[in-house]
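Order of appearance sets the numbers: ligands from 1, and atoms from 1 within every ligand.
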Amino acid sequence: MTEIPIDHPRYESLITREKIVEGVRMGFTSQQGLVAQGRGEAFDYLIGEKTIESAAVAERAAVAYILLAKRPIISVNGNTAALVPESLVALADFTGAALEVNLFHRSDARVHKIIELLKSHGAVKVLGGKGDKRLDLSHDRAIVDEEGIFSADVVLVPLEDGDRCQKLAEMGKTVIAIDLNPLSRTSLSATVTIVDNVTRALQNMIHFTKEMKQDSRQSLEEVIEAYDNNEVIADALYAIQERLKQQSEERGIRWI
Ligand code: ATP
């Protein structure tokens, strides 16, 4: 990896970029994953590269859904495998959710490489290798495990494809998306939309899980009842607008 000086003003963002490039080199991430990362970086810049308040609200609601679920699952793609393998394993561990590798640009070799990567970070069991069921979709993200995503009631999909997100929601599943673009098809069709970088979102969710794990069923249900996804998406758009205004003013550009 290229050495990034710790005092660089864009340190976090550059390290994330290096991890994705390394993921491609190691064979976990597809080349298309680099482009997806670029789109994410642009939106992260627009929200100020920090967790906005409404994203933290969504992260808490997501944890409540996962803790109340009968069969929660975390879907892992090539970008998340490269960026946050240890957080994926930790969140699965703390919440009791299963892990399943699911790739848009699928090859058995890549699925197994990612399974081994997650195991090297402490995962005991990782699904996705069987691919014994298909969702009604024309691309490879349709391929899922029957005991995993196919029969799950709550699915966490960091960096999801819009079609599959819609399909999972149509199947009656609770879909939790982590997506920096508040207007992507994924964001608009999820039950809970977390507009945050996956690197921060999973860390926050681990923190909230530790806080909420002992809470009663009723108090978790209250978190969900109070949650409004439309409000969260609208707030993310408002945060982008306000940041653009502030950045413009700081640079002497009058906002019209
Ligand atoms: P959709 O099909 O939902 O409309 P899309 O076609 O715009 O999505 P994809 O290329 O399928 O996008 O996936 C990339 C998505 O993931 C983008 O919306 C991008 O903002 C988001 N993204 C990329 N990197 C990150 C990251 N590190 N954390 C969170 N979101 C990210």
Side-chain angles (χ1 to χ4, degrees), residues 1 4 10-24 28-52 54-59 62 74-88 91 101-106 114 135-143 155-170 173 175-206 229 232-233 235-237 239-240 243-244:
M1 286 210 301
I4 311 286
R10 306 189 52 73
Y11 178 78
E12 291 297 335
S13 171
L14 293 177
I15 284 290
T16 304
R17 194 178 285 185
E18 287 300 318
K19 283 187 182 167
I20 286 283
V21 171
E22 185 67 5
V24 174
F28 305 132
T29 311
S30 67
Q31 291 188 350
Q32 291 82 349
L34 295 170
V35 182
Q37 168 67 19
R39 178 151 23 187
E41 276 185 18
F43 280 102
D44 207 11
Y45 180 85
L46 293 178
I47 64 167
E49 293 172 331
K50 62 174 185 342
T51 300
I52 57 176
S54 55
V57 169
E59 284 155 2
I74 303 171
S75 180
V76 180
N77 76 349
N79 283 50
T80 47
L83 293 177
V84 282
E86 51 294 281
S87 301
L88 290 165
L91 185 65
V101 178
N102 179 269
L103 306 175
F104 192 90
H105 301 280
R106 183 185 173 101
I114 295 174
L135 308 181
D136 183 19
L137 292 167
S138 54
H139 51 70
D140 279 356
R141 286 208 93 163
I143 303 170
V155 192
L156 171 64
V157 286
L159 278 67
E160 182 56 55
D161 161 79
D163 288 355
R164 197 173 74 122
C165 186
Q166 281 166 2
K167 187 57 64 186
L168 293 169
E170 275 168 33
K173 299 178 192 299
V175 184
I176 301 162
I178 302 175
D179 192 330
L180 281 159
N181 177 0
L183 291 176
S184 73
R185 287 173 310 149
T186 300
S187 289
L188 298 177
S189 50
T191 320
V192 176
T193 303
I194 298 172
V195 182
D196 201 0
N197 199 310
V198 69
T199 55
R200 297 186 299 266
L202 290 185
Q203 281 299 317
N204 295 340
M205 287 173 74
I206 291 166
N229 205 47
V232 158
I233 294 176
D235 184 77
L237 292 168
I240 290 174
R243 177 160 157 89
L244 283 172

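The protein heavy-atom contact nearest to atom 17 (C) of ligand 1 is Asp179 OD1, 3.6 Å. Protein heavy atom closest to atom 11 (O) of ligand 1, with residue, atom name and distance, is Glu160 O, 3.9 Å. The nearest heavy-atom contact from the protein to atom 30 (N) of ligand 1 is Leu180 N, 3.2 Å. Among protein heavy atoms, atom 12 (O) of ligand 1 sits closest to Arg39 NH2, 3.9 Å. For atom 31 (C) of ligand 1, the nearest protein heavy atom (residue, atom name, distance) is Leu159 CD1, 3.6 Å. The protein atom (non-hydrogen) at minimum distance from atom 3 (O) of ligand 1 is Thr186 OG1, 2.5 Å. With hydrogens left out, the protein atom closest to atom 14 (C) of ligand 1 is Ala36 CB, 3.8 Å, a heavy atom.
A donor-acceptor pair under 3.5 Å links the side-chain atoms of Thr191 to the main chain of Val175, judged by distance alone.
Put simply, CZ on Arg141 and CD1 on Ile143 are 11.5 Å apart, with the number rounded to the nearest 0.5 Å. To the nearest 0.5 angstrom, Gln37 atom CD is 8.5 Å from Asp44 atom CG. Within the model, atoms CG of Leu34 and CZ of Arg39 stand 13.5 Å from one another, a figure rounded to the nearest 0.5 Å.
Taking only nitrogen or oxygen atoms, main chain and side chain alike, Gly162 reaches within less than 3.5 Å of ligand 1. In terms of polar-atom proximity, Val198 is counted as a contact of ligand 1, with an N or O under 3.5 Å from an N or O of the ligand. Inclusion of Arg185 in the set of residues having an N or O under 3.5 Å from an N or O of ligand 1 is warranted. Residue contacts with ligand 1: Leu83 is placed with no nitrogen or oxygen under 3.5 Å of a nitrogen or oxygen of the ligand (distance criterion only). At least one N or O atom of Asn197, backbone or side chain, sits closer than 3.5 Å to an N or O atom of ligand 1.
With 3.5 Å as the limit, one finds no donor-acceptor pair spanning the side chains of Asn79 and Thr29. For Thr16 and Asn197, the side-chain atoms include no donor-acceptor pair closer than 3.5 Å. Counted by atom type alone, Gln203 and Ser87 present one or more donor-acceptor pairs between their side chains at under 3.5 Å.
Taking a cut-off of under 4.0 Å to the non-hydrogen atoms of Asp196, the atoms of ligand 1 that pass are 28 (N), 29 (C). Against a heavy-atom cut-off of under 4.0 Å, Asn181 is close to the following atoms of ligand 1: 18 (O), 20 (O). Against a heavy-atom cut-off of under 4.0 Å, Gly40 is close to the following atoms of ligand 1: 19 (C), 20 (O), 22 (N), 23 (C), 24 (N). For ligand 1 and Gln37, the ligand atoms under 4.0 Å from any heavy atom of the residue are 24 (N), 27 (N).
There is no protein heavy atom less than 4.0 angstrom from atom 9 (P) of ligand 1.
Taking the ring centre of Tyr45 as origin, the terminal cationic atom of Arg10 falls outside the region bounded by 6.0 Å and 45° from the ring axis.
In this structure, Asp161 and Thr186 approach most closely via the heavy-atom pair C-OG1, 3.5 Å.
Evaluated for a side chain to side chain contact (heavy atoms under 4.5 Å, CB included) with Leu159, the options Asp179, Asn77, Leu180 yield exactly one hit, Asn77.
Remark: Glu22 does not engage Lys19 in a salt bridge, criterion side-chain N to carboxylate O under 4.0 Å.
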